[in-house]
Amino acid sequence: MKIFNTLTGEKEEFKPIAKGEVKMYVCGVTVYDRCHMGHARAGVAFDFIYRSLETLGYKVTYVRNFTDVDDKIINRANERNISCDELVEENIKTFYEDMGALNLKKPTHEPRATQYISQMLKLIEELVDKGLAYESKGDIFYSVRSFPQYGKLSKKNIDDLEEGARVNINEDKRDPLDFALWKKAKDGEPKWESPWGEGRPGWHIECSAMSRELLGNNFDIHGGGKDLVFPHHENEIAQSQGACGCAPVNYWMHNGFVNINKEKMSKSLGNFFTIKDVIAKFDPEAVRLYLVSTHYRSPIDFADEYLAEAERTLDRFYATKLRASKLLPDGETAKADDKLMERFLDTLKDDFNGAMTVALLNEVITSINVCCDKFKKENSGHIKNLASLLSALDEIASVLGILYRDPAEYLESVKDKRLAERGTTREHVEEQIEKRNTAKADKDYVTADKIRDDLRKNGVLLKDSPNETTWVMMTRVSSAMGNGAQSV
RNA sequence: GGCACCGUAGCCAAGUGGUAAGGCCGCGGACUGCAAAUCCGCUAUCCCCAGUUCGAGUCUGGGCGGUGCCUCCA
């Protein structure tokens with residue numbers, strides 16, 4: 001198996017520390033606000049990696065933290081006139097709602113920073129003892145210059161950084177690049193006892209403390225968004241390695257950014273989307289499908305048309321599943337085809353290639369349809385093959401974290417949602433179909449086609465078969481093709 | 001200014017040395033009263049230039065274009 005390691009900038013053969021086991025730590029969220037699409041991207045990316053590792057037979061210990069003490073939390077709580085605790089609880093609750101909608105599996109551990117204060121203090125003491133950190137008026141700073149490898153992960157030269165350093169230099173620091181491990185308590189802020197008086201942790205120390213406590217001084221994989229490479233992960237290395245003397249992490253993995261309509265998602269540009277906003281408009285499963293269709297390291301662009309396309313793709317997947325399951329006798333199962341499974345596992349082994357995995361899934365969907373077509377025509381045989389393809393479909397979809405709903409239920413629920421958006425009802429559609437069937441029986445095709453065209457304008461797509469007429473609802477954008485709406 | 005990354009068909013997007021995955025759109029066909037769905041077929045030599053190599057989208061150098069990080073950020 002190969003993993004792209006940020007540390008070396010190359011895909012490397014993965015060698016776990018303990019055979020058959022993987023210890024993975026991924027930076028979760030600072031819970032001061034609702035989750036945005038960047039969190040969704042990171043969440044889904046590492047969820048896919050987590051599932052892939054398990055599918056490849058590794059026993060995975062997956063840690064994803066909550067940072068629940070931080071400047072932003074304190075500021076936001078003050079703005080809203082609530083306690084930090086209230087704010088944190090609220091946002092952890094909505095985190096689970098959002099990530100649950102995106103079908104994220106529960107990690108092995110989900111530590112909160114405030115539960116690891118003693119481990120942080122111990123780590124800081126070790127750093128002070130070793131002369132890598134120093135106290136200054138109740139604050140403790142890490143002395144970046146005393147860690148020779150500083151900049152290795154982000155490939156930055158410490159002197160270049162010095163030149164670019166911002167003007168508001170903290171007088172209490174010996175060097176502008178030094179960063180806080182511990183901050184002296186201020187009024188109205190959360191605080192804990194420490195050997196240097198009351199205070200609270202700095203931003204980076206929690207991840208070093210929690211990963212060490214739960215995974216040890218040296219573990220396999222550490223992940224997060226690309227934006228965390230510097231300074232967060234660089235500082236983590238300085239802290240952890242400074243304390244234990246060994247490299248804390250063997251493989252650093254970083255997911256790419258989210259863009260909105262080709263611009264970086266940011267609050268100042270006004271193109272900032274929460275997960276809640278997006279899944280109110282598009283099916284969360286389609287959002288997940290879209291996220292996982294792009295390689296985790298590449299940037300991903302969000303726009304209505306792309307998500308609508310993902311919805312159409314999801315419709316197709318479920319429609320195929322439903323079609324096949326109707327043909328398959330109850331209890332008929334078969335092992336997934338070996339060749340197919342081998343290709344599948346190979347895509348996972350190649351740095352978790354989600355795009356390639358979705359491509360493979362598309363091939364399987366086509367094969368299933370071919371199989372169904374043949375069965376329909378010849379009315380015999382192909383059952384074993386169909387069952388085998390469905391098994392393959394389920395295995396692949398399960399790693400991607402999609403197609404977990406009952407196909408019929410999915411298709412019906414989507415119908416209701418889209419009917420409501422169109423302001424029409426099932427009763428109306430059924431009524432029109434009745435009328436049309438009467439016209440068809442009379443061979444009055446002009447009337448029949450008129451009814452069909454009118455329904456289509458409302459997003460209703462009719463499908464005639466010899467004995468019945470079924471219908472589906474188009475997604476919003478597909479039925480208004482060409483107007484390029486891109487508002488997400 | 002420093003440091004990274006990216007530039008593949010109308011659009012989205014895989015692919016780190018051997019003659020370009022997949023999806024959307026489009027076109028042709030099978031099927032259909034006509035459609036829809038489904039299936040079959042068609043649609044690129046990979047920003048430009050030079051080099052390394054038997055062979056490069058894939059490596060090296062230069063150029064052009066775009067993005068990110070250097071400050072809180074998934």
So, OP1 or OP2 of B/rG33: does either fall under 4.0 Å of a side-chain N or O from A/Arg452?
no

If you compare every side-chain N and O of A/Thr366 against the phosphate oxygens of B/rC39 (OP1, OP2), does one of them come in below 4.0 Å?
yes

Output the single nucleotide from B/rG68, B/rG23, B/rA21 whose closest atom is nearest the side chain of A/Lys264.
B/rG68

With a 3.5 Å cut-off and heavy atoms only, can you find an N or O donor on one side and an acceptor on the other between the side chain of A/Arg312 and the base of B/rC24?
no

Can a side chain N or O of A/Asn157 be found less than 4.0 Å away from OP1 or OP2 on B/rC3?
no

Which residue, A/Asp444, A/Asp454, A/Asp464, forms the side-chain contact (heavy atoms from CB on, under 4.5 Å) with A/Arg436?
A/Asp464

Go through the structure and list residues passing side-chain hydrogen bond (donor to acceptor under 3.5 Å, both in side chains) with A/Lys15, not counting sequence neighbours.
none

Looking only at the aromatic ring of each residue, does the gap between the centers of A/Tyr290 and A/Phe302 stay below 6.0 angstrom?
yes

Using centres under 5.5 Å plus planes under 30 degrees as the test, is A/Tyr445 stacked with B/rG33?
yes

Go through the N and O atoms of the side chain of A/Asp159 and the base of B/rG2, and report whether any donor-acceptor pair is under 3.5 Å.
no

Derivation and outcome, side chain to side chain donor-acceptor pair (under 3.5 Å), residues A/Asp351 and A/Tyr296:
CA-CA 9 Å; A/Asp351 194 29; A/Tyr296 77 90; 2.7 Å; yes

Going by an N to O cut-off under 4.0 Å, is there a salt bridge joining A/Arg452 and A/Asp449?
yes

Looking at A/Lys2, does any N or O in its side chain come under 4.0 Å of the phosphate oxygens OP1/OP2 on B/rU16?
no

For atom P, what is the distance between B/rU8 and B/rC48, given to the nearest Å?
10 Å

Could you tell me which nucleotide pairs with B/rG10 by Watson-Crick or G-U wobble geometry, both distances under 3.5 Å, or answer none if nothing does?
B/rC24

Under 6.0 Å from the six-membered ring centre of A/Phe46 and within 45° of its axis: does the NZ or CZ of A/Arg64 meet both?
no

What distance, rounded to whole Å, do you find between the two C1' atoms, one in B/rG10 and one in B/rG62?
31 Å

Given protein heavy atoms under 4.0 Å, the one-letter contact record of nucleotides 4-14 of chain B, with B base, S sugar-phosphate only and - none, is simply --------SSS

Inter-nucleotide C1' distance (B/rG18, B/rA56), Å rounded:
9 Å

State the pairing partner of B/rG61; accept Watson-Crick or G-U wobble contacts with both distances under 3.5 Å, and report none otherwise.
B/rC49

Using only modelled atom types and a 3.5 angstrom limit, is any donor from either the side chain of A/Arg436 or the base of B/rG33 paired with an acceptor on the other?
yes

Could you check whether the side chain of A/Asp464 and the base of B/rC34 have a donor-acceptor pair of N or O atoms closer than 3.5 Å, going by distance alone?
yes

Rounded distance in Å between the P positions of B/rA21 and B/rG15
13 Å

To the nearest angstrom, how far is A/Leu389 atom CG from B/rC39 atom P?
13 Å

Is the distance from OP1 or OP2 of B/rC69 to the nearest side-chain N or O of A/Lys156 less than 4.0 Å?
no

Atom CG of A/Leu153 and atom P of B/rC3: how far apart are they, to the nearest Å?
17 Å

